Amino acid sequence: MTWIRVLLNRCSAFFRTRQLDADLDEELRAHIELAMEEYRAHGMTEQQARTAALRAVGGVTQVRESYRVQRGLPWLEEIVRDIRFAFRKLLHSPGFALTAILTLAVGIGANVVVFSVLNGILLRPLNVPQPNNLVQIAGEANRGDSQSYPDYRDYQDRNQSFTGMLAYKIIHVSTEIDKSLSQSWGNAASGNYFDVLGLQPALGRFFHASDEHGLASAPYIVLSYDFWQSHFAASPNIVGKVVFLNRHPLTVIGVAPKNFHGTDFFFWPDYWIPAVNSQQVTGWDDFDWRRHREFTLLARLKPGVTQQQASQNMGAIARQMAKEYPDDQGLTLTARKPGPSGNSDNPVKKALLGMTLLALLVLLAACANLASIFAARAADRSSELAIRLAIGSSRWAVARQLLTEAILVSLVGGIVGTFFARLVLGVLSHWRPGDFPSQFLIAPDVRVYIVAIVLSIGSGIVFALLPARQVWKTDVVEAIKSNYVAAGSFRRFAMRDALLLIQVAVCTLLVTSSLVAVHGMIERLRAPLGISTKGVTLAQVDLQMAGIPDPQSRLTQKRLLDAAAAIPGVTAAATSDYAPFLGVWGWSVYSWDTTQFVPTNVAFDAITYSVSPGYFQVAGTHLKTGRDFTQEDKPGSPTVAIVNETFARRMFGTTRVVGQRFKLFDPVRLEIIGVVEDGKYIDPGEDTQPAIFMPYAQGIGPYMVSGPVTVLVRSHLPPDQIADALRRSLSQVVTTAPFSILTWSDAIDRSMVPVRTATLVLGVMGLIAAILAVTGLFGMASYSVSKRMKEQGIRMALGAQRIQVMRSTLSRPVLILIIGACAGLIGGMLAARLLAHLISFPSTSDPLLLACVALFMMMLGLIGTWIPARRALAIDPARLLRES
Amino acid sequence: MPESKSDVLQGTLDLMVLKTLESMGPLHGYGLARRIEQVSENTVSLNQGTIYPALLRLEQRAWVKGEWGTSETGRRAKFYSLTRSGRKQIAQETENWERVAATMARFLAPFS
C-alpha cells in the first residue's frame with residue numbers, strides 16, 4: 001500500500017507548499033556551503049569554490065522544479081494556477097466575460113429546462129417497487145391505449161407472460177365528506193391493483209382481488225396520502241369512516257404510501273375504489289361492454305420473460321380475440337414501457353424530443369458564437385501567447401490555459417443558466433391546465449444536474465477548440481514579431497469561415513422554424529370558431545354526481561333551463577350536455593344500411609351534443625339549411641339530428657343532406673333535419689371535425705340522459721353579476737352537486753393553454769436565436785474581415801481600386817452568408833414541418849415570411865462585414881500597413 | 001571525452017542511497033552525494049542535486065526519514081537516516097537488482 005502513503009504525503013505537501021519550499025531552499029543552501037567548504041579546503045578561492053559547487057549541484061532551479069514535481073500534486077497546482085490566471089484575465093475584460101456567460105446561460109438554461117421536463121415525463125420510472133418489469137398492455141402505435149374490462153379479463157386468463165395484470169381508469173365524481181361537497185378525481189382499479197404493484201398501505205389495508213364478488217360488492221375506498229392529509233387532517237382513526245362519491249357510500253379501508261401517486265404520469269389520483277363499484281358510482285357500464293375501452297392495463301412480467309416475448313404473446317391473443325368477438329375486430333396488442341415513453345407515437349414525447357433538438361441547436365448557436373469571440377480574443381492576445389511559447393511554455397500549457405478560461409466561463413454560464421432554469425421549472429411544475437389535477441414532477445434531480453455540468457464543460461471545450469488550435473499552429477518566430485497574423489488566415493477556407501457558416505445556418509434554421517410555427521399557430525387561432533362567445537356564460541353541473549336518476553334528469557334539465565331564462569337580464573338561454581371547449585363526448589357513426597355494429601364498419605367518429613331548442617341562437621352558430629329543434633322533438637316522435645357541414649360532406653359528399661339518415665348504434669337511428677356551419681369543439685387549433693347535435697329530450701338510446709348539463713345564457717350584464725345570479729338560482733334546482741360557472745371566452749382561453757405554451761416556447765427560442773444571430777453574425781463577420789485588413793491595405797497601396805478591394809473583401813463572407821442562409825432556410829422549413837406534425841398545427845410556409853428571415857440574416861451579416869470593410873478603406877494604406 | 005561516464009540508471013539511485021545510509025548511518029544530502037561519487041569512483045555522472053528528488057521519493061515511501069541537525073563543521077543541515085521499512089526494502093531492492101544484473105550479464109556474456 002505504498003502508493004496510498006505516497007498519495008497522502010503528496011496531498012499533505014500540496015497544502016504546505018510555502019514551508020516546504022523554504023525547507024528545500026535551506027537544504028540546498030546548506031549543500032552548496034558544505035561543498036564550498038570542501039573546495040576551499042582544496043585551496044580554491046571563494047569565487048572558484050562557489051562556481052564549482054554550483055556546477056556540481058547541476059542547476060538549483062532544475063533541482064527545485066523536479067523536486068516540486070515529485071513533492072506535491074503538480075497537475076492540481078497547475079490547474080489551480082490556470083484557474084486563478086483565468087479569473088484575473090476575465091476580470092480584466094468584464095464586458096466580454098458577461099456577454100459570454102449570459103450567452104451560455106441562455107443556451108444551457110434552455111437545455112436544462114427541456115431536459116428536466118423530458119426527464120420528469122419520459123425517463124422517470126413509476127414510483128413502485130421494481131418498476132423495470134412493469135409493462136403496459138396497449139394497442140399498437142397510437143391505437144388503443146385504453147382497453148375494455150371484458151377484454152382485460154380475457155387477457156388475464158389467456159396470457160402466459162405475466163404474474164399479474166391490473167386495470168384502472170380515471171373517474172371524476174362529486175365527493176361528500178362530513179356533509180361538505182366538492183369534486184374530486186380518483187382511480188377505479190381492479191382488485192389486484194395494489195398487489196400487482198407490490199405496495200404496502202401507510203394505514204389500514206388495501207382492497208384485494210378476493211374482495212370482489214361481482215358488481216357493487218366492494219364498497220371500499222383507499223385514500224391517497226396527500227388526500228388523507230388535506231381532507232382528513234391525517235387522522236389516524238380514518239379507517240371505517242364513510243365517504244360519499246356521487247352520493248354512494250364507500251368505507252375508507254386504508255391510506256396509500258406517502259410517495260405513491262398512482263400509475264399515470266400527469267395525474268395524481270385522490271383515492272382508489274374497486275372497479276367493481278365504479279359502475280354504481282359513475283353510472284357508466286364498463287363491465288359487460290367490450291366496446292367501452294376505458295381502462296389502462298399494467299402487468300408484471302414473469303421472471304425470465306422478456307418484454308418482447310410478452311408482446312408476441314399478447315399479439316397472438318389479440319389476433320385470436322379479434323376472430324372470436326366482433327367488437328374486437330382489428331384488435332392489436334403490445335407490451336411496452338408504461339406511460340408516454342413507451343409509446344413511439346405519443347405526441348407529448350414527440351413534442352419533447354422536438355424541443356430537445358431545438359434547445360440543443362440554440363446551444364450550438366451559442367457555442368459557435370462564443371467560439372468566434374474566443375478566437376478573436378486569442379488572436380488579439382497572440383503576441384502574449386507567442387511570448388509565453390518563446391520563453392519555454394509548452395503548447396499544451398498555453399492551450400490548457402485557454403481551455404481553462406473557456407470552461408470557467410461555461411461553468412459559470414451553466415450555473416447561472418441552471419439557476420434560471422430552476423425558476424422556470426418551479427413555475428411550470430405548478431401549472432394546472434383547467435381543473436384537472438395534473439402533476440408534473442419536473443424538479444431537477446441529480447441526472448439533470450449532471451447533464452447541466454456535462455453540457456457546460458462540453459460547450460466550453462467545443463468553443464475553446466478553435467483558439468486552442470490557433471495556439472497549436474502558432475509559429476513562434478513569426479508570432480513574436482509585431483505584425484503577427486494568425487496562422488491559417490490566408491488559406492482558402494479558414495475555420496472561422498466554417499464557424500460563420502454554421503452560425504448563419506443554425507440561426508436561420510431556428511428563427512425560420514420558430515417563425516413558421518408561431519405564424520401557423522396564430523393563423524390557426526384566428527380561424528372561425530363557429531360560435532359567438534361574446535356575452536355567453538356557461539354553468540355546468542353533473543346530474544350523475546348530483547345523484548339524480550335517469551327518469552328525473554329530463555325534468556331537472558327543463559327546470560334548470562327555466563330558472564336560467566327567468567334571471568333578469570338574460571336574453572336567451574339553452575342547455576346542452578357538453579359545450580364546445582367545455583368537455584366533449586363522441587360516438588361512432590354508421591351508415592344507414594349497417595347491420596353489424598363492429599369497428600370495421602364505422603364510418604367515422606363524431607363529436608355529439610345533446611341540446612335544447614334554441615341552442616344555436618344562444619351559441620351564435622348559423623343554421624345553413626333545414627330547421628332547428630322544437631319542443632315537438634320529444635320522446636316518441638321520430639329521432640332527429642342536426643349535423644355540421646363536415647359531417648355532411650364526409651357522410652354524403654354534399655351539404656344538401658336534410659332528410660338523409662344514419663345510425664349511431666342499433667336502436668339509435670337519426671334523421672337529419674338541418675345543417676349548421678363548422679366550428680371548433682375541443683381546441684381552437686384543431687382540424688375541423690364532424691359534429692352531431694341531437695335534442696336533449698330524445699336522449700341517445702338508453703344512454704346518457706343523466707350526465708353533465710351545461711346551461712348557456714346570453715346576457716348584456718357583466719359576467720360577474722350574471723355568474724352570481726346563475727349560481728343563486730340554479731343551486732336551488734340542483735342542490736347536491738357543485739356548479740362550475742365561467743364565461744365561454746374563459747373556457748376557450750383555458751383550452752388554448754397548451755397551444756399558447758408551445759407558441760411561447762417556440763417564440764422564445766426564436767427570439768434567443770435571433771439575439772444570438774445578431775451578436776454572433778455581427779462579431780464573426782467583422783472579425784473575418786478585420787483579419788484581412790492588412791492584406792487589403794497592401795493592395796490599396798499597390799494601387800487597387802476601392803471597388804476591387806471592396807469586392808474581394810466582401811465576396812467570401814457574402815458567399816458564406818448566402819450558402820448558410822439557404823441551408824438554414826431549408827433546414828428551418830423541414831424543422832417547421834416536423835414541428836407542425838408534432839404540435840399539430842398546419843404548416844403554412846409563407847414564402848414571404850421565409851424570404852424575410854433569410855434577407856434579415858444576410859443583411860445582418862452584410863452590415864457586419866460592411867462596417868469594418870469601410871473602415872479599412874477609409875484608413876490611409878500607409879498607416880494601416882505600419883500599424884497592424 | 002576519453003572516459004565516458006554513464007548516467008544513473010532509473011531506480012538505481014534509490015538503492016545507492018539506501019545502501020549508503022545502511023553502511024554510513026545518518027548523512028546529509030551533500031555527504032550522501034559525495035559518498036556515492038566516491039564509491040562509484042566517479043564512473044557515474046551524478047548531478048548532486050538529483051539526490052534531493054530521490055530522497056523525497058524515499059521519504060514519501062517512509063523508507064528514510066529526514067531531521068534537521070548540525071554538521072561536523074557546525075552548519076545546520078538535514079540528516080537522513082534509514083527507517084525500519086527502509087531496511088527491509090534494501091533486501092527486496094537488492095534481490096531485484098541482482099536479478100536484473102544477472103539477466104543482463106547472461107546477455108552480455110560471449111556465446112559459448
Side-chain angles (χ1 to χ4, degrees), chain A residues 1-17 19-42 44 46 49-74 77, chain B residues 5 7-8 10-11 13-14 17-18 26-38 40 42 44-80 83-86 88-89 92-93 96:
Chain A
M1 293 297 102
T2 317
W3 66 270
I4 291 181
R5 192 178 287 161
V6 173
L7 188 68
L8 285 178
N9 210 305
R10 279 174 178 254
C11 287
S12 83
F14 177 70
F15 295 103
R16 295 184 294 140
T17 314
Q19 198 221 319
L20 294 175
D21 273 352
D23 275 8
L24 177 65
D25 281 350
E26 188 170 355
E27 203 172 357
L28 286 172
R29 204 176 307 124
H31 182 109
I32 287 162
E33 280 169 8
L34 285 164
M36 281 169 69
E37 277 172 22
E38 195 174 332
Y39 287 122
R40 271 202 304 271
H42 285 103
M44 288 190 189
E46 177 79 17
R50 174 168 296 277
T51 315
L54 284 174
R55 194 185 308 128
V57 168
V60 173
T61 314
Q62 280 87 331
V63 172
R64 218 183 263 150
E65 201 49 45
S66 55
Y67 190 86
R68 276 197 198 125
V69 170
Q70 178 68 35
R71 186 184 62 202
L73 302 164
E77 282 162 28
Chain B
K5 291 184 178 180
D7 282 331
V8 181
Q10 185 73 42
L13 185 57
D14 289 6
V17 170
L18 289 175
L27 274 177
H28 48 63
Y30 177 70
L32 262 168
R34 286 295 293 140
R35 179 70 190 165
I36 290 172
E37 281 172 354
Q38 281 164 13
S40 68
N42 290 335
V44 292
S45 78
L46 176 72
N47 275 337
Q48 290 175 357
T50 52
I51 200 91
Y52 291 100
L55 280 168
L56 177 63
R57 199 157 51 234
L58 296 172
E59 216 178 349
Q60 282 170 344
R61 285 165 176 71
W63 294 341
V64 304
K65 65 172 191 290
E67 274 160 341
W68 286 98
T70 316
S71 75
E72 53 274 38
T73 52
R75 186 165 301 284
R76 207 171 113 78
K78 199 170 173 185
F79 282 80
Y80 293 89
T83 63
R84 189 191 303 218
S85 64
K88 252 186 268 168
Q89 192 61 27
Q92 170 100 40
E93 294 275 310
N96 284 348

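All values reported here derive from a predicted model rather than from experimental measurement. Reminder, nothing fancy here: chain letters follow the sequence lines and each chain counts from 1.
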(request) Locate the shortest heavy-atom distance separating B:Arg61 from A:Val6; write the atom from each residue and the value. (result) CG-CG2, 3.8 Å
(message) Please give me the minimum heavy-atom distance between A:Tyr67 and B:Tyr52, naming the atom from each residue.
(response) CE1-O, 3.5 Å
Let's test your reading of the structure: which of [options] forms the most heavy-atom pairs below 4.5 Å with chain B?
| options | value |
| --- | --- |
| A:Gly59, A:Ala56, A:Ala30 | A:Ala56 |
| A:Arg10, A:Arg64, A:Glu37 | A:Glu37 |
| A:Leu24, A:Asp23, A:Leu7 | A:Asp23 |
| A:Ile32, A:Leu8, A:Val63, A:Val57 | A:Val57 |

(message) So for A:Leu28, is it side chain, backbone, both, or neither that comes closer than 4.5 Å to the heavy atoms of chain B?
(response) side chain
(message) Less than 4.5 Å to any heavy atom of chain B: does that hold for the side chain of A:Gln62, its backbone, both, or neither?
(response) neither
(request) Quickly, which of B:His28, B:Gln48, B:Lys78 forms a side chain to side chain contact (heavy atoms under 4.5 Å, CB included) with A:His31? Name it, please. (result) B:Gln48
(message) Between A:Gln70 and B:Ala54 (side chain of the first, backbone of the second, donor and acceptor by atom type, cut-off under 3.5 Å), is there such a pair?
(response) no
(message) When you measure from the side chain of A:Glu26 to the backbone of B:Arg76, do you find a donor-acceptor pair of N or O atoms at a distance under 3.5 Å?
(response) no
(message) Rounded at 0.5 Å granularity, tell me how far CD in B:Gln60 sits from CZ in A:Arg5.
(response) 11.5 Å
(message) Could you measure the distance from the CD atom of A:Glu27 to the CG atom of B:Leu55? Nearest 0.5 Å is fine.
(response) 7.0 Å
